[in-house]
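Report on the following structure.
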Amino acid sequence: MKKEKLNLRDIKPNSNKEHSHDDGHNHGGESSGFKAYTPAVISFVMLIIGIALDYFEFAFFKDWIRIVWYGIAYLPVGLPVVKEGWDSIKKGDVFTEFFLMSIATIGAFIIGEYPEGVAVMLFYAVGELFQNAAVNKAKGNIKALLDVRPKEANVFRNGTIESVAPETVEISENIQVRVGEKIPLDGILVSEKASVNTAALTGESKPDTIAKGANVFAGSINLESVIEVEVTKAFKDSSIARILDLVQNATARKSKTELFIRKFARIYTPIVVFLAIGVTLLPYFFVDDYVFRDWLYRALIFLVISCPCALVISIPLGYFGGLGAASKNGILFKGASFLEAMTKINMLVMDKTGTVTKGVFKIKTIESIGWEEKEFMNYLMAMEAQSTHPIAKAILEYKTEETDFKATEVSEIAGKGLKGIVNGKTVLVGNKALMTAHNISVIAEIETIVESIILVAINNTFAGYVVIADELKDDAKETIINLKNIGIENIMMLSGDKDSMTQKVASELQIRNAKGGLLPEDKLNEVERLKQNPKNKIAFIGDGINDAPVLAASDVGIAMGGLGSDVAIETADVIIQTDQPSKVVKAIKISRSTRKIVWQNIALAFGVKVIVLILGAGGLATMWEAVFADVGVALLAILNAVRLQKMNWD
């Protein structure tokens with residue numbers, strides 16, 4: 001399946017990316033519902049009626065009436081294929097499966113075998129429907145692409161606030177950003193302070209509290225209060241536009257793959273065409289009573305037998321089974337080619353925040369000095385109740401009895417923390433800089449803590465600290481163990497979070513190779529460097545906008561579909577609906593099982609085909625035998641593919 005270049009600047013909200021079949025061909029687009037099946041149903045009904053009329057030998061069903069009847073039955077399924085074959089010939093690609101299907105079925109009409117001509121083309125159409133259904137089923141469950149760029153900017157002009165397109169805002173103009181809105185352009189904070197979530201841009205799990213004059217970036221989310229920003233870059237140069245441009249270019253560099261049937265047909269089709277010509281002409285030199293019409297008849301039977309409909313059906317059926325099994329397990333592949341690509345993966349690169357961690361702050365450690373833990377937490381919670389910062393919310397989740405601890409005279413010391421009065425005692429809550437500013441000594445062990453830490457002083461005496469950390473997902477450790485068990489030994493972590501935090505999480509998961517503090521460009525460069533080794537087949541798993549360029553550049557991009565950004569979901573090849581990293585292991589197992597089923601179907605279809613071809617060349621097989629052989633192979637392929645729905649990969 002071709003991964004098309006994403007021109008995100010031209011995509012409208014909720015628009016769907018143009019569909020491309022896994023085999024690289026388009027037979028009538030992405031019709032949905034009964035409409036897609038109408039041509040096949042019409043042909044099938046007319047074929048059955050025609051066969052019944054032939055069987056009971058109705059007097060009127062002869063000569064031109066019979067020809068017209070089967071001709072009309074042929075057109076719904078045959079005309080698109082004949083047209084596709086003709087278009088391919090005009091482009092210089094003669095020996096396609098469409099060409100073979102066309103000459104064989106038209107040949108069947110020439111020699112008067114009308115039902116066989118319709119039946120063979122009908123089987124081919126059914127195979128296409130299976131393939132389209134597989135892709136559309138997966139696509140239908142994937143979230144539509146949303147343009148993550150902010151749609152409007154509230155700019156100060158002529159004493160009022162005007163809502164305009166971000167592209168029209170000029171450098172040095174001031175904009176207003178309300179709570180919960182994305183900052184539309186890069187700029188400098190004019191307001192006194194702001195709390196912004198940059199996780200989608202940098203991967204940094206901790207929201208930033210920034211002061212007046214600090215840089216803010218487009219795509220960040222304003223968390224606490226209405227802020228004012230002075231624009232420093234035009235929209236086309238903003239951080240979010242740069243990331244989207246990286247996605248576009250990385251997608252353009254994505255290697256293109258084709259399914260086996262496309263490659264096989266280029267070899268198989270010319271061989272059988274030339275063999276058919278040989279069957280027609282060569283007997284002239286070896287047979288005494290050579291009759292051209294008889295040998296042409298045999299050659300056309302040979303072509304009908306050689307139609308690759310069983311192959312064409314058996315391959316997408318196998319992938320259909322794999323795509324369906326994956327969907328049932330909460331894994332969405334965007335096409336059959338990615339099931340195939342997943343089997344070749346030997347290296348997994350992963351993001352940290354939101355991928356192997358929950359992306360939610362929780363209290364990890366409480367260390368009180370000279371105070372009972374609950375009393376210590378009551379002082380801290382009374383102070384944090386005055387704040388809307390995400391860390392404050394994590395603190396307030398601590399369970400304690402109802403108390404009358406109330407904070408008064410609370411003031412914020414920029415970049416350091418809070419100061420206030422709780423039940424008559426002066427309380428300081430913040431970082432080490434806050435303690436130093438008030439000449440309060442802290443214990444040395446806090447220097448070794450890499451997670452977010454809240455220091456507390458009561459009446460100018462250090463009272464303890466609370467460590468806040470992003471938790472590992474429940475199945476994160478199990479995922480790494482199982483990946484190694486199935487042969488994926490080379491695992492790497494790349495994160496925008498600070499390096500010390502990244503290394504700590506990597507150590508907990510027993511991942512030896514990890515890098516933190518990376519910008520989106522750095523992640524992309526790292527994966528591009530790894531890809532320079534042709535032996536590396538890389539899957540990348542991530543969830544943020546900042547991961548989208550790497551998802552596009554990797555051999556297989558895997559996105560977290562529950563909490564993941566829309567751009568990451570759209571750019572990825574595989575979507576994990578449940579946000580469980582362990583699903584990656586299951587995705588690899590399903591893809592490997594699918595490959596086995598597909599190759600079993602190929603061997604079965606090809607083996608039967610060779611036998612019947614030999615019989616046909618010797619005049620021992622009729623077209624009906626060939627058609628029934630194909631039907632039998634197709635039925636066996638269906639039953640084999642259905643096994644995928646019953647397998648257990650736990």
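Counting begins at 1 with the first residue of the sequence.
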- request: For the pair N197 and S220, evaluate side chain to side chain contact (heavy atoms under 4.5 Å, CB included) and give the outcome as yes or no after the intermediate values.
  value: CA-CA 6 Å; N197 183 344; S220 302; over 6 Å; no
Spacing of [atom1] belonging to [X] relative to [atom2] belonging to [Y], to within rounding of 0.5 Å:
X    : Y    : atom1 : atom2 : answer
I486 : I481 : CD1   : CD1   : 13.0 Å
E340 : R592 : CD    : CZ    : 14.0 Å
E528 : E526 : CD    : CD    : 11.0 Å
N490 : N513 : CG    : CG    : 7.5 Å
I576 : M560 : CD1   : CE    : 6.5 Å
S582 : N482 : OG    : CG    : 8.0 Å

task: Could you please spell out the steps behind the side chain to side chain donor-acceptor pair (under 3.5 Å) verdict for D499 and Q503?
output: CA-CA 6 Å; D499 190 59; Q503 297 298 337; 3.2 Å; yes
Do [X] side-chain atoms and [Y] backbone N/O form a donor-acceptor pair below 3.5 Å?
X    : Y    : value
D87  : E84  : no
D470 : T357 : no
D547 : I541 : no
K473 : G354 : yes
D555 : I538 : yes
N329 : I331 : no
N536 : L530 : yes

If you compare all heavy atoms of [X] against all heavy atoms of [Y], which two are closest, and at what distance to 0.1 Å?
X    : Y    : answer
A514 : T502 : CB-CG2, 4.2 Å
M492 : L494 : CE-CD2, 3.6 Å
P549 : L524 : O-CD1, 3.7 Å
S495 : D351 : CA-OD1, 4.2 Å
K531 : A553 : NZ-O, 2.6 Å
Q532 : P534 : O-CD, 3.2 Å

- prompt: Step by step, would you call M493 with K515 a side chain to side chain contact (heavy atoms under 4.5 Å, CB included)?
  reply: CA-CA 6 Å; M493 180 179 288; K515 294 184 179 181; over 6 Å; no
Quick one: does [X]'s side chain get under 4.5 Å of [Y]'s, heavy atoms only?
X    : Y    : result
M347 : V349 : yes
E451 : K504 : yes
K182 : V196 : no
L122 : F44  : yes
L339 : R595 : no
I221 : L223 : yes
K358 : D474 : yes

- request: Take K362 and I468 through the side chain to side chain contact (heavy atoms under 4.5 Å, CB included) test and state the conclusion after the steps.
  value: CA-CA 6 Å; K362 295 288 183 183; I468 303 293; over 6 Å; no
message: Is it the case that atom CD in Q510 sees more than 12 heavy atoms from other parts of the structure closer than 6.0 Å?
response: no
- prompt: Just wondering, are more than 12 heavy atoms of other shown residues or ligands nearer than 6.0 Å to NZ in K484?
  reply: yes
- prompt: Residues in side chain to side chain contact (heavy atoms under 4.5 Å, CB included) with I271, at least two apart?
  reply: I267, L275
message: Set out, in order, the CA-CA distance, both residues' side-chain angles and the distance that settles side chain to side chain contact (heavy atoms under 4.5 Å, CB included) for V356 and V505, then state yes or no.
response: CA-CA 9 Å; V356 293; V505 171; 4.3 Å; yes
Side-chain donor-acceptor contact under 3.5 Å, S88 with D93: no
query: How about R643 and Q600: does a side-chain donor come under 3.5 Å of a side-chain acceptor?
result: yes
- line: In I480, D475, L483, the residue satisfying side chain to side chain contact (heavy atoms under 4.5 Å, CB included) with V585 is L483
Under-4.0 Å salt bridge between K393 and E397: no
